[in-house]
Chemist: 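Here it is: the structure, laid out below.
For the numbers below, each heavy atom of this structure counts, side chains included, while hydrogens, waters and symmetry mates do not. Naming convention: chains lettered A, B, ... in sequence-line order (proteins, then strands); numbering from 1 in each chain.
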Number of protein chains: 4
Amino acid sequence: MKHIKRRERESHEIRRKIIEAARDLFLSHGYGEVSMRKIADRIEYSPTTIYHYFENKEAVVRELLEEGYALFLQALQQREQEARAEGLHAMDVLKTVCKSYILFGLEHPGYYNILFTTNLEGASSIAIIENDRSKGFEMLEAGIRKAVDEGYLTITDERLTAQSIWSMLHGLTSLLLSFYGPDMESRDELISFTIETFFRGLGR
Amino acid sequence: MKHIKRRERESHEIRRKIIEAARDLFLSHGYGEVSMRKIADRIEYSPTTIYHYFENKEAVVRELLEEGYALFLQALQQREQEARAEGLHAMDVLKTVCKSYILFGLEHPGYYNILFTTNLEGASSIAIIENDRSKGFEMLEAGIRKAVDEGYLTITDERLTAQSIWSMLHGLTSLLLSFYGPDMESRDELISFTIETFFRGLGR
Amino acid sequence: MKHIKRRERESHEIRRKIIEAARDLFLSHGYGEVSMRKIADRIEYSPTTIYHYFENKEAVVRELLEEGYALFLQALQQREQEARAEGLHAMDVLKTVCKSYILFGLEHPGYYNILFTTNLEGASSIAIIENDRSKGFEMLEAGIRKAVDEGYLTITDERLTAQSIWSMLHGLTSLLLSFYGPDMESRDELISFTIETFFRGLGR
Amino acid sequence: MKHIKRRERESHEIRRKIIEAARDLFLSHGYGEVSMRKIADRIEYSPTTIYHYFENKEAVVRELLEEGYALFLQALQQREQEARAEGLHAMDVLKTVCKSYILFGLEHPGYYNILFTTNLEGASSIAIIENDRSKGFEMLEAGIRKAVDEGYLTITDERLTAQSIWSMLHGLTSLLLSFYGPDMESRDELISFTIETFFRGLGR
DNA sequence: TATGAATGAGTATTCATTCAT
DNA sequence: GATGAATGAATACTCATTCAT
């Protein structure tokens, strides 16, 4: 059992296939719809094989979440650093981060749904990862603080502001994912409009 | 079949129990997780009994949706009329509607999830009700138009603005539902802050 | 229980509807496919109502069989008497009976299937009716005897001959019912050809 | 699914048990009566196990049909070749084929019922096999043609004649199967008598 | 006379999972 | 490293039937 756990971290081609299949299934279906057999069918292996790489279904989902969060955080951080490197001031860096949040959702709808929409009720040990979620939130807070420090924002409660921004971002992303096709013309307009409006509201 | 259809609309104690059980199950689970058997267990009847009152699972969900939308629209309309009766001007009426949207979600988390979060992929004939969803959206648009007409808002694209507001509301509501307990102290503060910020951003 | 049995014989409009519905369902489906609920749906009554007229499903089938046999025998006898009245000689009377056997099957495919094709395994008390089946067989035997008596046939074993004829008739009918649509052009040709061939074979 | 398909053709002890159980159940019951659970009970495995070997119920029936037809055609062809090898002339070869048709039914009542009596309404993709049925019919036609060519038969319509013979054979077989025990003494007599009579009727 | 209410058993099928190889 | 074999429990849904009214 120990050695299974150990190997669980090892990278492996089939591990990848499995979690990619699981992610794709999550895209169009809910947690209950993603079955070990469907994953197995998709990668053309027997269901038993999956148990060679993952202890059970929950372990698959857990890894999916971990990967998703890693990807998510990486996407945000990368864009932030790029923005900084471009010499943007704190406010525009913050906006860039916001846009890349939404972009992540649009580019990885499967991951986004699992990370932020799907209710993973059945999966108990998954709560551990909850703190990955707060890392993204902390990035937001940090960005806000910097904007405040640099005088672009006048804010009393950073935490509150971050929650508010986050909810706006999540609302926008999930709206775009569930009710609009991928080709919605006014998509970018809606994104820009919402973000600009909100930040204008935040003031100076 | 005929005789079921005939009184499908009739009220009945057990019908109520069934859809309430279904609604509660939807609160913490997805469509696939809500099973006829679980509903039956919850109301302490045999699964067969449910089929006495509903043609199939989809019919249960359909009624749940219809009820949910009715409740939702009613809540919005009632608060709007109250606000008008109180002599509030268009802008504050609009804000009141926004707050009652969020309040509906917080008071009826089960309904909110089914109406606006859950992926009802399996349920085909449910698309019909989709247009109930747009009724809520139209209320928003109408409120915006009125605020524009009365000079409280300067807006170019009503549709875009409504989508933007809607996404903010949905984001806020689902954030509150998934990540905060019902007793979150700063809840109302977050709601007010977000709405005020956004409308300030919309300008004049 | 006694009085139920008694009333079971009474004619009644709904009784008729029930067994007609059952018969129609038997046409296109097997015994297992004919359910009390489907019968009830078809006549637009509740399933419970059927139990007012019949003790159980088996009783419905039993009556269906009785009626079917009555109809069957009546059809045969009527044509036989008509043929006799027309002054046909015994041989042609016999052929007429044969043709009316086939015609019954083609005109009442539902009844024919229940009477002669469907395996009524589940229905125990139905064996009683078995002797109705032999009545039809006896008509055949009687017809043969008469043809022999009148010198149209030279036959050693009447029983054997009757069985032989019967099997030919059943084969022809069920072939026509299962593999040909109702509009098969060469239908009558096949019937005539087979009967004529067979009787020619029986000889003088 | 893939891996099941891949070895669907492979022989396997349990596959055999399953289709034999299904065949036996078909003997005394209709399509609707033969359930996966009953099959499972009969072979003393769990119902789930059957799905390890067959995709679904229809696949079981399909294989049953394929096997049945293969056995049927083989039986007919073998006897025909034997008869030819024995130097019988075309007429007697034809009669031999006829007798082996009936014999097949008597020796394999389960198969016979599925192939020629049971209404497989529920099973859609099964129609494909329908053309196996016509192969048997074609053997009959070919035999007739040969008998005509060799001057044993004078016939105008081969197709009609074949249908006529076929219906006689089917009638005889199903009569023997449903209404007589396997030990009926006069069985062979009835078979011979009917065939002889019919062919005598066909003439020269 | 008719039916609404209720259910236990049965229908096909899918699920996650274990075990021996 | 991979899988065939096997299953108990669950899925939605249908069945014949009973009972009280």
Chemist: Taking the basic N atoms (NZ, or NE/NH1/NH2) and the acidic carboxylate oxygens, is any pair closer than 4.0 Å for B/R42 and B/E20?
Modeler: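 Answer for the salt bridge query: no.
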Chemist: Classify the side chain of D/T48 and the base of F/dG8 as holding, or not holding, a donor-acceptor pair under 3.5 Å.
Modeler: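 Yes, a donor-acceptor pair under 3.5 Å.
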Chemist: Considering only NZ, NE, NH1 and NH2 on the basic side and carboxylate oxygens on the acidic side, decide whether A/R16 and A/E67 come within less than 4.0 Å.
Modeler: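 Between A/E67 and A/R16 there is a salt bridge, with a charged N closer than 4.0 Å to a carboxylate O.
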Chemist: What is the distance, rounded to the nearest whole Å, between atom CD1 of B/I39 and atom C1' of F/dA10?
Modeler: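 These atoms are roughly 15 Å apart.
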Chemist: May I have the distance from D/D41 (atom CG) to E/dG10 (atom P), rounded to whole angstrom?
Modeler: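 About 9 Å, once rounded to whole Å.
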Chemist: Quickly work out the D/I14 CD1 to F/dT7 P distance and round it to whole Å.
Modeler: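 It is 8 Å, rounded to the nearest whole Å.
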Chemist: Please tell me which of D/V34 and A/S35 maps to the more 5' nucleotide of DNA chain E, matching each residue to the nucleotide holding its nearest heavy atom.
Modeler: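 Of the two residues, D/V34 wins.
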Chemist: Using a 3.5 Å distance criterion without hydrogens, assess whether the side chain of D/R15 forms a donor-acceptor pair with backbone atoms of D/Y53.
Modeler: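 It does hold such a pair.
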Chemist: Take C/N56 and A/I50, find for each the nucleotide of DNA chain F with the closest heavy atom, and name the residue whose nucleotide sits nearer the 5' end.
Modeler: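 Nearest-nucleotide comparison on DNA chain F picks A/I50.
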Chemist: Take atom OH of B/Y51 and atom P of F/dC13, then tell me their distance rounded to the nearest Å.
Modeler: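 Going from OH in B/Y51 over to P in F/dC13 covers 4 Å.
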Chemist: Considering every strand and a 4.0 Å limit on heavy-atom distances, what is the contact class for B/Y45: base, sugar-phosphate, or nothing?
Modeler: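 Sugar-phosphate only.
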Chemist: Please determine, for the side chain of A/R37, which listed nucleotide (E/dA16, F/dA2, F/dA5) has the closest atom?
Modeler: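 The answer is E/dA16.
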Chemist: Tell me the partner of F/dT21, counting only Watson-Crick (N1-N3 plus N6-O4 or O6-N4) or G-U wobble (N1-O2 and O6-N3) with both under 3.5 Å; none if nothing fits.
Modeler: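 Paired with E/dA2.
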Chemist: What is the distance, rounded to the nearest whole Å, between atom CE of A/M36 and atom C1' of F/dA6?
Modeler: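 The distance from CE of A/M36 to C1' of F/dA6 comes to 17 Å, rounded to the nearest Å.
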Chemist: Counting side-chain heavy atoms from CB outward, which of F/dT3, F/dT18, E/dT1 is closest to A/S46?
Modeler: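 It is F/dT3.
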Chemist: Think D/K57 forms a cation-pi with D/Y31, using NZ or CZ under 6.0 Å from the six-ring centre and within 45 degrees of its axis?
Modeler: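 Yes, D/K57 sits over the ring of D/Y31.
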Chemist: Counting N and O atoms only, with roles assigned by atom type, does the side chain of B/T118 sit under 3.5 Å from a partner on the main chain of B/N113, one being a donor and the other an acceptor?
Modeler: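 Checked: pair present.
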Chemist: Measure from NE2 on C/H52 to P on F/dT17 and round the result to the nearest Å.
Modeler: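 From C/H52 NE2 to F/dT17 P: 16 Å.
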Chemist: Any idea which of F/dT17, E/dC15, E/dT17 is nearest the C/K57 side chain?
Modeler: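 Given the options F/dT17, E/dC15, E/dT17, the side chain of C/K57 is closest to F/dT17.
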Chemist: For the pair made of CG in D/L25 and P in E/dT11, what is the distance, rounded to whole Å?
Modeler: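 Spelled out: CG on D/L25 to P on E/dT11 is 11 Å.
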Chemist: In whole Å, I'd like the distance from the OH atom of B/Y31 to the P atom of F/dT11.
Modeler: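 In whole Å, F/dT11 P lies 13 Å from B/Y31 OH.
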Chemist: Measure up the C/Y112 and C/F116 rings against each other and bin them: parallel (under 30°), tilted (30 to 60°), perpendicular (over 60°).
Modeler: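 Answer is tilted, since the angle falls between 30° and 60°.
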Chemist: Does a nitrogen or oxygen in the side chain of D/H12 sit under 4.0 Å from OP1 or OP2 of F/dA5?
Modeler: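 It does, given that an N or O in the side chain of D/H12 lies less than 4.0 Å from OP1 or OP2 of F/dA5.
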Chemist: Contact class for D/T49 vs. all strands (heavy atom < 4.0 Å): base, sugar-phosphate, or nothing?
Modeler: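 Since a base atom lies under 4.0 Å of D/T49, the category is base.
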Chemist: Of the nucleotides E/dT11, F/dT11, E/dT13, which one has an atom closest to the side chain of D/P47?
Modeler: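 Nearest to the side-chain atoms of D/P47, counting from C-beta on, is E/dT13.
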Chemist: Given that B/K38 and C/K38 both sit by DNA chain F, which one's nearest nucleotide is further toward the 5' end?
Modeler: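 The answer here is B/K38.
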Chemist: Identify whether any heavy atom of B/V60 sits under 4.0 Å from a base atom; if not, whether one sits that close to sugar-phosphate; answer base, sugar-phosphate or nothing.
Modeler: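 No contact.
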